[in-house]
Amino acid sequence: MTTPSEHTAPASAPAWGAWPSPLDARSVARSSPRLEGACFAGPARDEIWWGESLPDEGGRIAVRARSADGDVRTLLPTPWNARSRVHEYGGGAWAAHEDLLVFVEKTDQRVYALAPGSAPTALTAEDPDVRFGGLSVQRGRLLAVRETLGAPVRRDIVEIRWNGDAGTPPTVLATGSDFVAHPALSPDGGRIAWIAWNHPDMPWDRAEVRVAEIRIPGNEGRAIAGGGSSPVQPVWLDDDTLLYSDDPDGRWNLWRHDLRTGTRTSVAPADADTGGPLWVLGTRWFRPLDDGRIVAVRTRGSDEIVLLSPDGGARRLPVDVIATAAIEDAAGARVLVSGTTAHGMPALRLVDVDVDVDKPEDVVRIAGDVPPWPAAFTPTAREVTVNGPHGPVHAFDFPPTNPDVPVPARDRADASTASPYVVFVHGGPTAHVGGAASGKIAYLTSRGIGVLDVNYGGSTGYGRPYRERLRGAWGIVDVDDIVAVVSALAAEGRLDPDRVAIAGGSAGGWTVLRAVTGTDVFAAGISRYGVADLRLLAAETEDFESRYLDGLVGPLPEAEARYVELSPLTRPEDFRTPLLIEQGSEDAVVPPSQSEAVRDALTAAGVPHAYLLFDGEGHGFRRAETIERALEAELAFLGLVFGFTPPGIPPLTLD
């Protein structure tokens, strides 16, 4: 590894975008594994297991283990791949029971058990129409969310038997709604609580906490909370008391619910979120400890980890994750926390809350670490809030950062002191960015291209009113908010208004297409598996999101005219901005037909563009070679549009 002192600064600063950088696409692609859950395991619960994507193995999810003495081994060998396709986004694809690993295999979506020294054994029958996810072992019982494809799609909470013939159907414990998540067994095993919601709502619109008696199989249960709010993650404190997060006051905060009296009490309320959108199954934002304390995530733009005392006091723990934080498991006073660090690296940390947790050195690094390039090349996020036409807009600014290049002082009267920028648009659109400088961000900023990461209206992390700003206005509010932040940074002299690109995937890709066809702010666009035709999306997307547009745009067929009006493909003549389009061939959420239609419109209009189709990729790129190719293509594309030649990057041809 090189250090900043080993780099020789050029005599004069090279062109923005062409700065020499130690970050190549290969190192970035291979330095960004995804962490997929973690838990304490082994007969004594003294081991730590976690799921981790392996970019060099096609992005498969392996399960790894760290023993009590620190040795790390891989439990789930190639070619096994622990990945669920429930809701297409999956989640909860593996769980542990002492030294037994149970997992959902990606290729057939069956549940398998893997004992030490043995080959995986199927626990569920082969059925191409059945998927499992959200696995959890509770009180020795294996629970899962089962999705059965058909018309309509059905989802149930089931118990899978440990022993016996794989053809024995799982026992249905809870049913009666379009969607279910977060099953929780009471300590005596007599009742089950879970989250339920129905079309056309998404779980962050309206959901319910339901409770049912286990002795009545397939019970629909009764709703005890929610309906007009969005509760998540019920946890039993005793046989009659539930703890869950809910947002009736606009923020996801913790609530303690007494089932005997029906009363509930707010626990340590704060102007922050302990909770988030249920895009994937099994996410955990808090964990109660045996002594009544609670370890929780709190989100105010960025994430922090707090220890809540029974009297409602809160103390921040020095865990270095600031985005995508989750409380994975707890055993006594030991807690596993996952998330993303300020350096953009996925991380799994072990913290003992009874140790002097004011000292960061007492937090143990289990997985994820510093990036494989000098820290001086990683930018520091500057939190930005500007006034937009619909209210305040929150964003993170990552300026060009390279210790080997003298950056000119900003001069509003001299455009050459303002750098080109790429605006990152997250997906969802209810996702959220927390100020973590990913390898992808540093790949650009170390070359002299700034990055602006925007939490436009509709994002989580700022309360219900902020995320509901987008209702009925998708493609309008998000674009307006992004333009407002770009305008503010241009007015400060930070970015060159003539060299601003916009990039995003999925729902972010939709915003990219809306921005380049509806404004003249952006000189280039990068759309990854972006939505281009709302009616086509409503007809082709999977069941989980099939009614999402009811809230974002309006219900069909009543709002069809609005779908037509907003869709970029409705007016192909508005495509005037150069575009790079990237698409996975196996994407079931936004199928390739959407990107191909944009490509054809650009060809017909004579607009410079490139279309990259990646075989074997779905909704989001996982393979190292795909990520590497996409990074280089995007940088080459920016060079063509902004007028610089990035050294060492394969050329890209625009049609």
Side-chain angles (χ1 to χ4, degrees), residues 1-10 13-14 16-35 55 301-304 318-325 338-349 360-361 363 365 367-384 395-407 419-424 426 432-455 489 494-495 503 624 627-628 630-632 634-635 638 646-649:
M1 179 185 296
T2 57
T3 63
S5 62
E6 295 175 58
H7 292 275
T8 301
W16 298 109
W19 295 0
S21 170
L23 283 75
D24 59 23
R26 180 180 177 84
S27 66
V28 172
R30 286 158 176 77
S31 69
S32 303
R34 301 185 185 200
L35 299 183
S302 295
D303 295 343
E304 64 179 17
V319 184
D320 61 343
V321 297
I322 65 168
T324 64
S338 67
T340 307
T341 69
H343 286 92
M345 301 299 293
L348 177 63
R349 304 296 190 236
E361 58 268 26
V363 176
R365 297 174 181 267
D369 213 322
V370 296
W373 48 80
F377 287 87
T378 299
T380 299
R382 181 178 70 101
E383 194 163 1
V384 176
F396 292 94
D397 173 28
F398 297 91
T401 302
N402 186 316
D404 294 345
V405 178
V407 179
S419 65
Y421 260 75
V422 179
V423 178
F424 278 14
H426 66 64
H432 169 259
V433 293
S438 66
K440 187 167 189 176
I441 289 174
Y443 182 75
L444 294 174
T445 58
S446 65
R447 287 172 165 79
I449 302 172
V451 173
L452 186 58
D453 221 351
V454 183
N455 281 317
L489 264 67
R494 291 181 177 273
L495 62 77
I627 299 169
E628 183 177 344
L631 283 171
E632 292 184 337
E634 291 171 15
L635 183 59
L638 294 173
I649 300 299

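The backbone N or O of A442 lies less than 3.5 Å from a partner atom in the side chain of S446, making a donor-acceptor pair. Formation of a donor-acceptor pair under 3.5 Å by the S338 side chain with backbone atoms of L348 is not found in this model.
Here the closest non-hydrogen pair linking L631 and Y443 is O-CE2, 3.7 Å. Scanning both residues, L635 and G17, for their nearest heavy atoms gives CD1-O, 4.5 Å. The nearest pair of heavy atoms linking T340 to A436 is CG2-CB, 3.7 Å. The nearest pair of heavy atoms linking V28 to K440 is CG1-N, 3.9 Å. Heavy-atom minimum distance, G301 versus E383: CA-OE2, 4.3 Å. The two atoms that bring P20 and P14 nearest to each other are CD-CG, 3.9 Å, heavy atoms only.
Here L452 contributes atom CG and L495 contributes atom CG; the two are 7.5 Å apart, rounded to the nearest 0.5 Å. Put simply, CG on D303 and NE2 on H432 are 6.5 Å apart, with the number rounded to the nearest 0.5 Å. With rounding to the nearest 0.5 angstrom, the CG atom of L23 is 9.5 Å from the CG atom of N402. Put simply, OH on Y421 and OG1 on T445 are 9.5 Å apart, with the number rounded to the nearest 0.5 Å. Rounded to the nearest 0.5 Å, atoms CZ (R30) and CD1 (I627) are 9.0 Å apart.
For A342, the side-chain contact (heavy atoms from CB on, under 4.5 Å) test picks out I322, with sequence neighbours left out. Every residue was checked against the salt bridge (Lys or Arg N to Asp or Glu O under 4.0 Å) condition with E632, not counting sequence neighbours, and none meets it. With sequence neighbours left out, the side-chain contact (heavy atoms from CB on, under 4.5 Å) criterion links R382 to V384, D397, L489, E492, R494. Checked against ring-ring contact (aromatic ring centres under 6.0 Å, His included), H343 has no partners two or more places apart in sequence or in another chain. With sequence neighbours left out, A381 forms a side-chain contact (heavy atoms from CB on, under 4.5 Å) with F396, F398. Under the rule for a side chain to side chain donor-acceptor pair (under 3.5 Å), S438 has no partner lying at least two apart in sequence or in another chain.
At least one side-chain heavy atom of T378 sits less than 4.5 Å from a side-chain heavy atom of W373. Taking the side chain as every heavy atom from C-beta outward, V363 and D320 never approach each other to under 4.5 Å. Residues F377 and D404 have side chains in contact (heavy-atom distance under 4.5 Å, counting atoms from C-beta outward). Residues T324 and R34 form no side-chain contact, since every pair of their non-hydrogen atoms from C-beta on lies 4.5 Å or further apart.
At most 12 heavy atoms of other shown residues, nucleotides or ligands fall within 6.0 angstrom of atom CZ in R26.
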